[in-house]
Structures are given as structure tokens and as C-alpha cells.
Amino acid sequence: MTQSSERGAEIGRRIGVGLMYGLWKPRVLGAWKVPATGPVIFAVNHAHNIDGPMVMGVAPRPTHFLIKKEAFVGPLDPFLTGIGQLKVDRDTTDRGAITRALDVLKAGGVLGIFPEGTRGEGDFASLRAGLAYFAVRGGAQVVPVAVLGSTDRRSRLVKAVPPLRSRVDVVFGDPFEAGDGSGRRTRKALDEATERIQKQLTAHLENARRLTGR
């Protein structure tokens, strides 16, 4: 990860802060749990388009999200790249994206991943093995992040976003190690890590719903 990439992610964070707090009313819980230094993966449930930008804006550290290449269209391409976001082709094994993501972790940065792959129910029901691979290979702690309230209602003005000034809760969970400590990256080890991650993320989501009453 280059310094310019990390600078870009910090600029993205500042833009996110202005936008998210300007347009909605984020309530952030547990941000103090995010390790202040070292490689971290934010595992974010994905129910809405604003989930990624919302986490970027409220997280205590600059975040590099793995984002599907389809989002990098027109002027958004240089903008997203400029703020340190990582383009990934989900239809192939995108070696370039894998290398860039591991570089972020190697440099002690924060990688943001939607482990369900695509926008869905946002309940962590279908996890992809990618998260376990990055966590084990990158020696990163995983921090579960639940974004709640982004799908409660749609804005009347712009159907794709929640109503302006509505409350969106972002709940950061306790960091945990995905691997078993052996550093093994066999298929079996990654399957076990994926299972471990799924349990932790599901438990965090239930806890976040209890905490926020959503």
C-alpha cells in the first residue's frame, strides 16, 4: 500500500464524515473497540448502497473497501481509486485485487469487506471464503460491523437511499482472530476460519439488533 493510497483513504474518510453526518444521523457504537494500529478487516453486513460510505465516514481509521468493478463507472472510477478504494472483478480470481488488498494489510491498514459478496439481507447468512483468506494470510484481526436502519424506509426523493436525516446505527464489535493461530492456509483451515467468522458475525449482528432495538 502506498502512502498516497493511505492519504487517499484518509481524504475519503473526511469526505464520508461530511456527507454521512450532513445527510443522515449516524449513531456509532463500539468504535473504541477498533484496534488503533495494525492490520484490521472490517466485516460489514451489506443490505444497502450507503453501508460502505457510512462505515468509511464513521470509522475511526481510514478504510480501503474491496468494491465490485461495476461501481467504478465514469467519473466514479478515478474518484474511488483516488480515495484508496480497491476495484475487484468478482467473476474471476482477481489476482491484482488480492495483491492490493494484502498490501493494505501488510502496511498495517484497514481493509473493508462485505463478506456476503453482494447486497442481500445483510444478515451474514452466506459467507464467502475470501474474508478468511485475507484474515489468515494478512495476519489481521477481524472487526464485525453492523449497519442497521439503512433499509428501514426509502427516501421519497431518491429511492436508492434512506430518508435524509433518518437515523442509521453503525455498531462495531469486538476484534477477533479468524485463524486457529497456526497460520495454516489449507482449504480445511480456511473452511474452519470461515465457520468461525460466520458464528462471530452472526452473534454480533444479533447483539447489535438488541442494543439498538432494530
Side-chain angles (χ1 to χ4, degrees), residues 1-46 48-67 71 79-88 97-116 122 124 130-148 150 168-179 197 200-201 204-205 207-208 211-212:
M1 179 177 65
T2 62
Q3 278 190 315
S4 63
S5 172
E6 186 65 3
R7 264 201 309 273
E10 175 55 28
I11 290 166
R13 192 181 76 82
R14 289 177 191 179
I15 293 169
V17 167
L19 275 177
M20 295 303 121
Y21 282 94
L23 298 174
W24 293 284
K25 290 194 283 191
R27 181 172 64 164
V28 185
L29 303 172
W32 56 271
K33 296 178 179 180
V34 177
T37 57
V40 168
I41 294 174
F42 287 153
V44 186
N45 67 322
H46 198 18
H48 200 284
N49 284 327
I50 72 153
D51 295 342
M54 183 62 74
V55 172
M56 273 182 72
V58 305
R61 291 175 62 184
T63 311
H64 304 259
F65 266 99
L66 273 172
I67 301 172
F79 172 71
L80 288 171
T81 304
I83 61 168
Q85 304 311 294
L86 309 174
K87 185 192 300 190
V88 62
I98 291 169
T99 301
R100 288 189 294 275
L102 287 172
D103 283 348
V104 165
L105 297 175
K106 204 183 296 175
V110 179
L111 184 64
I113 294 181
F114 300 112
E116 295 158 292
F124 293 125
L131 175 52
Y133 174 80
F134 287 122
V136 173
R137 176 92 191 270
Q141 294 197 72
V142 179
V143 173
V145 186
V147 182
L148 302 169
S150 59
V168 178
D169 292 325
V170 182
V171 187
F172 293 89
D174 294 311
F176 66 91
E177 302 283 344
I197 290 167
Q200 294 271 15
L201 299 189
H204 171 64
L205 192 56
N207 187 42
L211 269 176
T212 58

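Just so it is clear, the model here is predicted, and its values are computed rather than measured.
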Asker: Quick one: does any side-chain atom of Gln141 pair with a main-chain N or O of Val34 as donor and acceptor, under 3.5 Å?
Answerer: no
Asker: Restricting to non-hydrogen atoms, name the atom on Gly139 and the atom on Pro39 that form the minimum distance, rounded to 0.1 Å.
Answerer: O-CG, 3.7 Å
Asker: Please give me the minimum heavy-atom distance between Leu201 and Pro144, naming the atom from each residue.
Answerer: CD2-CB, 3.4 Å
Asker: Is there a donor-acceptor pair under 3.5 Å between the side chain of Thr63 and the backbone N or O of Arg61?
Answerer: yes
Asker: What's the separation between atom NZ in Lys87 and atom CG in Leu80, rounded to the nearest 0.5 Å?
Answerer: 9.5 Å
Asker: Are Asn207 and Val171 side-chain neighbours, meaning at least one heavy-atom pair lies under 4.5 Å?
Answerer: no
Asker: Can you list everything that forms a salt bridge (Lys or Arg N to Asp or Glu O under 4.0 Å) with Arg14? Sequence neighbours excluded, please.
Answerer: Glu10
Asker: Could you pull out all residues at least two apart from Val136 that satisfy side chain to side chain contact (heavy atoms under 4.5 Å, CB included)?
Answerer: Arg185, Leu190, Ala193
Asker: Looking at Leu86, Ile41, Val44, Val88, which one forms a side-chain contact (heavy atoms from CB on, under 4.5 Å) with Ile113?
Answerer: Ile41
Asker: What distance separates Phe134 CZ from Leu66 CG, expressed to the nearest 0.5 Å?
Answerer: 5.5 Å
Asker: Any donor-acceptor pair under 3.5 Å linking the side chain of His64 with the backbone of Gly84?
Answerer: yes
Asker: Centroid-to-centroid, Phe65 to Phe42, below 6.0 Å?
Answerer: no
Asker: By the salt bridge (charged side-chain N to carboxylate O under 4.0 Å, His left out) test, which pairs, at least two apart or in different chains, include something from residues 22-31?
Answerer: Arg27-Asp169
